[in-house]
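Accompanying notes for the structure given below.
Proteins come first, then strands; the chains are lettered A, B, ... in the order of their sequence lines, and each starts at number 1.
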Amino acid sequence: MAETNPEALQRQKQKKRVGLKPLTNAIDGGVVLRFAPNPNGPLTIGHARGIVINSEYARNYSGKVVLRFDDTDTRVKPPLPEAYAWISEEYEWLAGRPADITIIASERMPLYLNYAKQMIGDGFGYVCRCSASEFKKLRDQSRSCPCRERSVDDNLNDWESMIVGEIKEGGAVVRVKTNLELANPALRDWPALRIQHTPHPMVGDKYKVWPLLDFQSAIEDHLQGVTHIVRGKDLMDSTRKQTLLYEHFGWIYPETLYWGRVKVHEFGSFSTSQMRSSISEGDYSGWDDIRLPTLSALRKRGFDPKALKEFWIDLGLTQKDISISMQTIESFNSSIIDDKCERRSFVRNPVSFNIDKGELTSKIPESLLISRHPDELIEGERIWNLGSKIFVEQEDCVYTKIRLKDFADVFIEDGNAIIESMEKGDRRLIAHWIPEGMEINAVLHIPNGNDIELVHGLLENYEIKEGMIIQLERVGFAKIDEIQEDNLVSMIYLHG
RNA sequence: GCUCCUGUGGUGUAGUACGGUCCAUCAUUCCGGGUUUUCAUCCCGGCGACCCGGGUUCAAAUCCCGGCAGGAGCACCA
């Protein structure tokens with residue numbers, strides 16, 4: 001080998017590439033990407049991939065991201081008015097900055113209708129009044145439908161009828177003329193706009209003709225100067241259809257990248273419309289119900305956006321259909337939050353004992369100083385005022401001699417905990433406990449598939465605030481969701 | 001059925017354009033050990049993969065051909 005190919009010997013051992021693959025045809029400062037969700041509900045964990053990949057590429061190339069609401073369907077997937085603001089906000093939460101440009105398709109209807117008219121006027125689009133099934137039949141045989149041969153003037157007349165609402169829903173569509181011999185039947189004379197008389201939640205009944213995704217998205221990408229489109233590979237045919245349209249208009253289609261289908265083990269398959277109906281039926285408390293795979297739910301549970309970001313970047317962009325596990329995301333999250341989460345004691349199944357100080361009375365302090373983080377990564381201590389009683393987790397009461405963590409060795413007898421020494425004298429069990437007076441009733445909500453498991457106990461009531469994420473010693477990370485007026489703390493379990 | 005995409009350990013992922021220390025990278029899971037006055041976190045170690053069959057070549061995860069498997073699209077949804 002040294003003779004045939006000496007360079008081969010120089011080859012280094014491979015390393016894993018970090019970050020996203022470079023984009024083709026990308027100029028620093030000139031990259032425009034877009035993230036285009038349907039505002040028919042808030043974002044899910046799958047959308048997170050789109051936000052992360054697009055915003056990361058924009059960051060890498062000092063480019064821009066257009067947040068575009070593709071809300072041109074009033075009936076099958078009607079937009080949810082509140083969702084627009086949720087999505088903008090969730091985008092910012094994840095990307096770390098707001099989108100550079102925000103576009104709402106339904107506000108830009110005149111533009112799309114104009115291009116449609118131009119398309120008809122220039123003869124590469126036509127109004128088709130065949131039924132969907134009639135058309136499909138002809139299309140599958142590469143035959144043109146009767147409407148295709150009509151004059152531009154006839155088409156423009158029909159177009160006007162569509163626009164003013166004279167033609168019923170389903171009565172006509174506008175098609176883009178393509179080569180009918182195209183190998184892929186799905187691309188032949190594809191539909192660009194259809195009639196919808198159902199009022200749009202945002203703009204009302206102003207428009208009777210609405211563009212379909214392939215048309216609206218194609219026009220808008222051109223208008224915004226999008227240079228790179230990253231989309232699911234289920235939209236590969238969209239790319240092909242849109243490229244045909246671009247050729248008609250004389251435009252250049254953006255670079256396109258794809259990702260495969262993503263399933264999350266813990267959530268199985270789900271859809272926004274499915275969740276929407278389950279929520280309205282009361283199966284879930286709302287879009288942020290902790291059992292749901294929505295971004296709002298993950299956020300409510302206390303996930304750090306950086307964890308999601310690192311996770312999706314590590315996965316990168318592949319066209320493989322994948323099945324991921326929340327465990328991996330949780331692992332990214334742990335490494336990010338562990339250093340900044342304070343520890344608190346949470347005693348489940350508490351058993352109370354009287355403290356018997358015995359002969360050591362004079363040596364026992366009135367309060368203990370306990371570190372906020374075991375590695376001293378967080379300054380200051382938690383102050384535990386000792387009362388006359390303690391609560392110990394029942395599980396730890398199987399022995400008579402135990403050590404109260406960070407405090408003293410005790411001997412348990414007849415409901416009393418008799419202090420034997422402050423120093424750890426032997427290898428006895430270290431018990432989990434909390435002094436009386438420091439406790440507050442708490443309930444931990446653990447999402448578990450379709451259920452929420454409730455774990456009751458006593459939480460260490462030291463500097464707790466709503467919204468803070470702490471690590472419950474022995475249990476795992478949790479978020480203080482609500483401190484109720486009846487002195488009950490509601491907590492949400494994050495992960496171990 | 002037609003059109004298209006994808007196959008690297010349990011799960012993901014790097015490497016594949018241009019064949020060569022690649023007996024294959026990294027993470028996660030799992031198993032074992034260690035640290036810890038938390039059963040959490042953390043640290044160390046280990047198991048574990050190039051879909052199959054041919055071909056080209058001194059040399060194939062990488063190139064060619066043929067299979068097989070999985071997925072998507074074929075909506076007047078996005």
Checklist line | A/R403, nearest nucleotide to its side chain (from B/rU37, B/rC76, B/rC77) | finding: B/rU37
Next item on the list: Give A/L212 one of three labels, base, sugar-phosphate or nothing, depending on what nucleic acid heavy atoms sit under 4.0 Å from its own.
Entry: sugar-phosphate
Note to self: With a 3.5 Å distance limit and no angle check, can you tell me whether A/R348 reaches the backbone of A/E395 through a side-chain donor-acceptor pair?
What the structure shows: no
Check: For B/rA72, does the O4'-C1'-N9-C4 (purine) or O4'-C1'-N1-C2 (pyrimidine) torsion place it in syn, i.e. within 90° of 0, or in anti?
Finding: anti
Next item on the list: Please work out if A/D338 contacts a base, only the sugar-phosphate, or nothing of the nucleic acid, heavy-atom cut-off 4.0 Å.
Entry: sugar-phosphate
Next item on the list: Take A/F477 and A/M236, find for each the nucleotide of RNA chain B with the closest heavy atom, and name the residue whose nucleotide sits nearer the 5' end.
Entry: A/M236
Notebook entry, point to check: Using a cut-off of 4.0 Å on non-hydrogen atoms, how would the nucleic acid contact of A/V173 be classed: base, sugar-phosphate, or nothing?
Noted result: base
Notebook entry, point to check: Base, sugar-phosphate, or nothing: which does A/T72 touch, judged by heavy atoms less than 4.0 Å apart?
Noted result: sugar-phosphate
Note to self: Just to be sure I understand the rule, does A/P185 reach a base, reach only the sugar-phosphate, or reach nothing, if contact means heavy atoms closer than 4.0 Å?
What the structure shows: sugar-phosphate
Margin query: Counting the atoms with a prime plus P, OP1 and OP2 as sugar-phosphate, which does A/A132 contact under 4.0 Å by heavy atoms, base, sugar-phosphate, or nothing?
Written below: base
Item checked: Closest to side chain of A/T318, choosing from B/rU13, B/rG12, B/rU37 -> B/rU13
Note to self: Could you check whether A/K424 pairs with A/D426 (Lys NZ or Arg NE/NH1/NH2 to Asp/Glu carboxylate O, under 4.0 Å)?
What the structure shows: no
Item checked: Selected nucleotide, minimal atom distance to A/R17 side chain, candidates B/rU13, B/rA14, B/rC77 -> B/rA14
Next item on the list: When you get a sec, tell me which of B/rG12, B/rG70, B/rA40 is the closest nucleotide to the side chain of A/Q471?
Entry: B/rA40
Note to self: Nearest 0.5 Å, please: how far is CD1 in A/I434 from CZ in A/F391?
What the structure shows: 8.0 Å
Note to self: Please check: side-chain N/O of A/H47 versus main-chain N/O of A/Y91, any donor-acceptor pairing under 3.5 Å?
What the structure shows: no
Item checked: Nearest listed nucleotide, side chain of A/K320, among B/rG15, B/rU8, B/rG12 -> B/rU8
Next item on the list: Name the residue closer to the 5' end of RNA chain B, choosing between A/D71 and A/G316 according to the nucleotide with the nearest heavy atom.
Entry: A/G316
Note to self: Starting the side chain at C-beta, find the nucleotide from B/rG12, B/rG15, B/rC4 nearest to A/L315.
What the structure shows: B/rG12
Next item on the list: Give a yes or no answer on whether the side chain of A/R403 reaches the backbone of A/L429 with a donor-acceptor pair at less than 3.5 Å.
Entry: no
Notebook entry, point to check: Side chain of A/K77: nearest nucleotide among B/rG7, B/rA75, B/rC77?
Noted result: B/rC77
Next item on the list: Look at all strands and tell whether A/E169 reaches a base, only sugar-phosphate, or nothing, counting heavy atoms closer than 4.0 Å.
Entry: nothing
Checklist line | Nearest-Å distance for atom pair CZ/P, residues A/R474 and B/rC39 | finding: 7 Å
Item checked: Nearest-neighbour nucleotide for the A/R139 side chain, B/rG12, B/rU3, B/rA75 considered -> B/rA75
Next item on the list: Please state whether the phosphate of B/rU36, meaning OP1 or OP2, lies under 4.0 angstrom from any side-chain nitrogen or oxygen of A/K405.
Entry: no
Notebook entry, point to check: When we call it a touch if two heavy atoms are under 4.0 Å apart, what does A/T272 touch: a base, just sugar-phosphate, or nothing?
Noted result: nothing
Notebook entry, point to check: Which part of the nucleic acid, if any, lies within contact of A/R343, taking any heavy atom under 4.0 Å across all strands shown: a base, the sugar-phosphate backbone alone, or nothing?
Noted result: base
Item checked: Among B/rA72, B/rC76, B/rC39, the nucleotide that comes nearest once only the side chain of A/D234 is considered -> B/rA72
Next item on the list: Would you indicate what A/D396 reaches in the nucleic acid, counting non-hydrogen atoms under 4.0 angstrom: base, sugar-phosphate, or nothing?
Entry: base
Note to self: Ring of A/F135, cation from A/R175 - is the NZ or CZ under 6.0 Å from the centre and inside 45° of the axis?
What the structure shows: yes
Next item on the list: Ignoring the backbone of A/R240, work out which of B/rC2, B/rC26, B/rC4 is nearest its side chain.
Entry: B/rC4
